[in-house]
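Notes to accompany the following structure.
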Amino acid sequence: MTHETHSHDVLVIGAGGAGLSAAIAASAGGARVGLVCKSLLGKAHTVMAEGGVAAALANVDDRDSWQVHFADTMRGGQYLNDWRMAELHAKEAPERVRELEAWGALFDRTTDGRILQRNFGGHRYPRLAHVGDRTGLEMIRTLQDHGIHQGLDVFMEMTVLDLLTDDGRIAGAFGYDREGGRFHTWRARAVVLATGGVGRAYRITSNSWEYTGDGHALAYRAGAELIDMEFVQFHPTGMVWPPSVRGILVTEGVRGEGGILVNSEGRRFMFDDIPENYRAQTAADPEEGWRYVLGDKEARRPPELLTRDHVARCIVREVKEGRGSPHGGVFLDIAWIRERVKDHEEHIRRKLPSMYHQFKQLADLDITKEPMEVGPTTHYAMGGVRVDAESQMSRVPGLFAAGECAGGLHGANRLGGNSLSDLIVFGKRAGDHAALFAREQGMPSVDERRVEDLARAAVAPFERSSGEGPYQVQRDLQALMQDKVGIVRTQSDMESALAELAKLVERAARVGVDGNREYNPGWHTAMDLANLLPVSEAITRSALDRKESRGAQFRDDFPSREAAYDRTITVVRKGADGAMEIERVTRPPLPPELQRVVEKEKT
Ligand SMILES: Cc1cc2nc3c(=O)[nH]c(=O)nc-3n(C[C@H](O)[C@H](O)[C@H](O)COP(=O)(O)OP(=O)(O)OC[C@H]3O[C@@H](n4cnc5c(N)ncnc54)[C@H](O)[C@@H]3O)c2cc1C
């Protein structure tokens, strides 16, 4: 089997916000950079981001600062965050956003011409720099535009199947091009994983087809550790109707602009359940909430802008107790602002253009006139590759990770807007450090026998064309994860999920595909299973091990937060016998100066 071989100082896998940021930084650091992505350049999942990028620019509220952003991020993550990452993130995000602006990003403006910032869940002050509700598109466009002038070698529509190592150190990657099915080997001194999330392990998700947990699984197989895998974020507002669009995201920006959540009885139920640690920051009544939306500095946040984990659980409760909408969600109403805003239709269309079109085209519903039906959707993986906070390097020398596929920054729950800032802060850091690493290392050697083995394994499904199709296995996996390792979890459900997962692994090893290697989606799906399955196992084992409820993990059998887990994170690694190992690790305490910041912002 012939294949092409390429050679780079730094190979970046993934061309979303994190990958492009890493590639630009590595190239600026003098490295020859290769950039591989499954879709066309510019089409990565980041393009879908809507609400904005969080950075304490303090343009709209001058009380904002990196300290408040840091404290909000830690509180949102229920203090399981890697505090050093949270500190770097809060400190560096403003500079990275200004850099994007300097590279041509056209953010919405304040009346005096600065970058406009909007309210979002869990952020104390208006903090999200945005471009209407199409922020990700602007970010990708800007990074792509800047990146292609850096002399990157871009490999589009190619999938990396496995990483290559040389005596424990990273040596490159092996993959194929999706169009022709030809194999490629990339030799590299350093590799940056920026492959995004894992949402396609679930049936209802806001995530694109690319989110099959590839980076998580590639790193795991290469010897890196994964952390926080139990924390899968279920965004409270996905579309629930019609069925064909179930799961598509309805941005938190709707609530940031004044959208309210009501049940079938017309009750604004979020006022019924305000967690103690957010009470002092939450509006006492709808009137105060609306004043907050208008920018009144004395007013506190409406409860719709509590953290995602909490809002999602409140919605599940309303539905379970029979107060849901006709199609199993609740109502999200922005049209009500007609009572307060002159020209409210024009206002909504200007502030939320994508949401307006999304509902008009997909659900034949005009959000300026009627409420939307929404319910939770699998949205984001807080868990990812365990990396060093400063450099983003994993425990495999030369293997870096950034963006959604890296873990640590968000702890038990990510705040909206903190992903796009994560991508540019830690994407750059990963690129900088990968270039430094590459400069100090010789080119590792690639084991040709391993490459041949990988190629043989990749084409094996064609030799079993009478075997079960991969789609059925993928569908069964998604149903299993949705039903048994979803928003509400129990020991018995997850134990049964583990047993089912073992059977799915056996079925995946026997799947067969027809046809040839030229653009063959069945074949691609067969290979995706090799990533979706270990990632699902890591989520399930981590969730089983954490016998408490915290952030995105809700255990019906352990509904409280337990002090014993206050500083412990779950680490997953491949054991010497090939089986998955779980270890609970205690995070170091916050240094006194950061502890003071957290305490000060608690009120
Ligand atoms: C609808 C929606 C709206 C969102 N809105 C916001 C928001 O307003 N603010 C915010 O902060 N966050 C938001 N998020 C989350 C945010 O968009 C993502 O977390 C973020 O874009 C992830 O970026 P990334 O660079 O890590 O990965 P991505 O942008 O997903 O890029 C992953 C890249 O890796 C490539 N890849 C994957 N596997 C392989 C492989 N095996 N081989 C080669 N290439 C591979 C893909 O092709 C792609 O190029 C939103 C998410 C969704 C779904």
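Quick note: numbers below take in every heavy atom, side chains included, and nothing from hydrogens, waters or symmetry partners. All ligand and atom numbering here is 1-based and tracks the order in the structure. As the structure is a computational prediction, the values presented were derived from the model and not from experiment.
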Looking just at side-chain N and O atoms, do His235 and Thr377 make a donor-acceptor pair shorter than 3.5 Å? no
Looking only at distance, does Ser419 have an N or O less than 3.5 Å from an N or O of ligand 1? yes
Quick one: nearest non-hydrogen protein atom to atom 32 (C) of ligand 1, plus distance? Ala194 O, 3.4 Å
Ignoring hydrogens and angles, state whether a donor on the side chain of Thr212 or Lys38 is under 3.5 Å from an acceptor on the partner side chain. yes
Of the protein's non-hydrogen atoms, which lies at the shortest distance from atom 45 (C) of ligand 1, and what is that distance? Lys38 CG, 3.4 Å
Closest to atom 22 (C) of ligand 1 among Tyr211, Tyr380, Phe426 (heavy-atom distance): Tyr211
Does atom CD (Glu95) have a neighbourhood of more than 12 heavy atoms from anything else shown, all under 6.0 Å? no
Within the 4.0 Å heavy-atom shell around Ser39, which atoms of ligand 1 are there? 47 (O)
Is it true that the side chains of His89 and Ser421 contain a donor and an acceptor less than 3.5 Å apart? yes
Can you name the atoms of ligand 1, numbered from 1 with element, that are less than 4.0 Å from a heavy atom of Ala18? 25 (O)
For ligand 1, note which part of Asp214 has a heavy atom under 4.0 Å away: side chain, backbone, both or neither. side chain
What protein heavy atom lies closest to atom 13 (C) of ligand 1? Include the residue and the distance to one decimal. Ala49 CB, 3.8 Å
With a distance cut-off below 6.0 Å to the six-membered ring centre and an angular limit of 45° from the axis, does Arg414 pair with Tyr380 as a cation-pi contact? yes
If you take the nearest heavy atom of each of Ile140, Val160, Thr377, which one is closest to atom 42 (N) of ligand 1? Val160
Under 4.0 Å, heavy-atom basis, I'd like to know which part of Ser421 is in contact with ligand 1: side chain, backbone, both or neither. neither
Quick one: does Thr135 get a heavy atom under 4.0 Å from ligand 1? no
Give me the nearest non-hydrogen protein atom to atom 46 (C) of ligand 1 as residue plus atom name, then the distance to 0.1 Å. Glu210 OE2, 3.0 Å
Just go through His379, His45, Met48, Arg414 and tell me whose heavy atom is the nearest to atom 50 (C) of ligand 1. His379
Do you see a donor-acceptor pair shorter than 3.5 Å between the side chains of Glu50 and Ser354? no
Is there any N or O on Leu420 that sits under 3.5 Å from an N or O of ligand 1? yes
Quick one: does Ser206 get an N or O within less than 3.5 Å of an N or O on ligand 1? no
I need the contact type for Thr195 against ligand 1. Using non-hydrogen atoms and a strict under-4.0 Å cut-off, is it side chain, backbone, both or neither? both
Taking all non-hydrogen atoms of both residues, which atom of Val53 and which atom of Val97 are closest, and how far apart? CG2-CG2, 3.9 Å
Judged by modelled atom types alone, do His524 and Arg178 share a side-chain donor-acceptor pair under 3.5 Å? yes
With Arg127, the side-chain hydrogen bond (donor to acceptor under 3.5 Å, both in side chains) member among Asp72, Asn119, Asp61: Asp72
Is the closest N or O pair between Ala15 and ligand 1 shorter than 3.5 Å? yes
Considering only heavy atoms, which of Asn207, Asp528, Leu249 lies nearest to atom 2 (C) of ligand 1? Leu249
Return yes if a side-chain donor-acceptor contact under 3.5 Å exists between Asn418 and Thr73, otherwise no. yes
Quick one about His410 and Asp228 (side-chain donor to acceptor, distance below 3.5 Å, no hydrogens or angles considered), yes or no? no
